[in-house]
There are 2 protein chains.
Amino acid sequence: MPRLHHFTLDPYSRRMRLALNEYGSPAELRDEQPWAPSADLFRFNAAGTLPVLVEDDGSAVSGVEALSEYLEETRNGATSLIPGNAAARAEVRRLTGWFDTKFYAEVAEPVLTEKVVRRFMPREQGGGSPEMTRVRKGLDLLKAHLDYVGRLADGRNWLAGDHLSLADLAGAAHFSAIDYIGDVPWADFPSAKAWFQRLKSRPSFRPLLADSVRGMPASKSYTDLDF
Amino acid sequence: MPRLHHFTLDPYSRRMRLALNEYGSPAELRDEQPWAPSADLFRFNAAGTLPVLVEDDGSAVSGVEALSEYLEETRNGATSLIPGNAAARAEVRRLTGWFDTKFYAEVAEPVLTEKVVRRFMPREQGGGSPEMTRVRKGLDLLKAHLDYVGRLADGRNWLAGDHLSLADLAGAAHFSAIDYIGDVPWADFPSAKAWFQRLKSRPSFRPLLADSVRGMPASKSYTDLDF
């Protein structure tokens, strides 16, 4: 069975788990710690970044956009996650890229680095208590992004158009990693919340709701479909 | 004719100009200043980022990976810039993503922000003289990346494999923006230099060699094919 090297709260790894589940293409999970990548991970991806998919023949695919497109090209049977004509596909990729660069840089990276990664890192590598100014700034920008997602969800069936796509999975993966630590103010953003609720109820999401990080229990509402 | 909103020394804009030239699909260029995006740019791309392609029918495509894939899907005639089977295409996209995230964050962003963008920005927006510690750190990391590119170029015909691809254009665009200000130590990295020389000699590169930024003449070797 193909193997996915991942970390539970890494938004890019979570998106690949969601995508593999939506495609109906199972993979064995191999836990990695982004702050201490295994020798195995470096062997498959010189950059040492997650996620990496290792196929049955030993070939490895890494780079989050490369892997997304690769799955679409190799697992695309009944399900396409980049559906439609060239313009529709461009919209899926634009939003996916927006989550992966802007949302990640402004929200997911500071919040997750400070509240998760630095907790596990050795002090000499930068571990320690969170820098709360970075967290607060990230959570402040999160509100503008919840508003944008809500406006998209109000005008369309799914974020990029009529069909569920990689853009929904990318967004859901980023939000759910932050939701694990209970930091998404869903109550103030009903449109974004309704969109996330639909995603959270999909069978592809179930394994993510069972996640747990050692010494860091999930927030009370994380597994609740009626949060 | 389609219109590309771009900035001369923006590596992502440069890659799109190279790609459009390689596909043989001309576009009119509309100059933008990344530090002061036009109202027009925001109308076509809510994120205000470059590049943006506006098609003859008025539809706009933005997001650098989205636009790359869109051009491949709509301009792919005699030329493919993401060639080969799914594994070969994943390698093209992995390297393209590597340049766009790692190389950009570590080298292109600090060097270009400090030495170009801050020169044009009003002081109240953060303009002023370059923070030389950021520049020096970027130029130091540039060496490791020139070494990696040289090793790839030694083992393969082009960076991602047998054929010229988007990965070569992505790399060339990042390097050439820094080359404009004369900061690439080519002499110390003969393999990377030989690869860049082949790219620089292509007809698709010619318009970029004619670029000039107001008040900032190109380095002496920028237009020289035997630099």
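Chain identifiers are assigned alphabetically (A, B, ...) following the order of the sequence lines, protein sequences preceding nucleic acid strands; residue numbering begins at 1 within each chain. Quick note: numbers below take in every heavy atom, side chains included, and nothing from hydrogens, waters or symmetry partners. Keep in mind it's a predicted model, so treat the numbers as computed, not measured.
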Original post:
Do A:Arg89 and B:Glu73 sit within salt-bridge range, that is, some charged N less than 4.0 Å from a carboxylate O?
Top reply: yes
**OP:** Sort A:Ser59 into side chain, backbone, both or neither according to what part of it lies under 4.5 angstrom from a heavy atom of chain B.
**Re:**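 Contact with chain B involves no heavy atom of A:Ser59 at all.
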Subject >> Top contributor to chain A contacts, counting heavy-atom pairs under 4.5 Å, from B:Glu72, B:Glu65, B:Arg94 >> reply: B:Arg94
Original post:
What residue, out of A:Ser68, A:Gly97, A:Ala86, has the most heavy-atom pairs lying under 4.5 Å from chain B?
Top reply: A:Ala86
Original post:
Any idea which of A:Ala46, A:Ala90, A:Ala105 has the most non-hydrogen atom pairs under 4.5 angstrom with chain B?
Top reply: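 Ranked by contacts with chain B, first place is A:Ala90.
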Original post:
At what distance, to the nearest 0.5 angstrom, does CZ of A:Arg93 lie from CD of B:Glu69?
Top reply: 4.5 Å
**OP:** Search all heavy atoms of A:Trp98 against all heavy atoms of B:Ala47 and return the closest pair with its distance.
**Re:**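 Closest heavy-atom pair between A:Trp98 and B:Ala47: CD1-CB, 4.5 Å.
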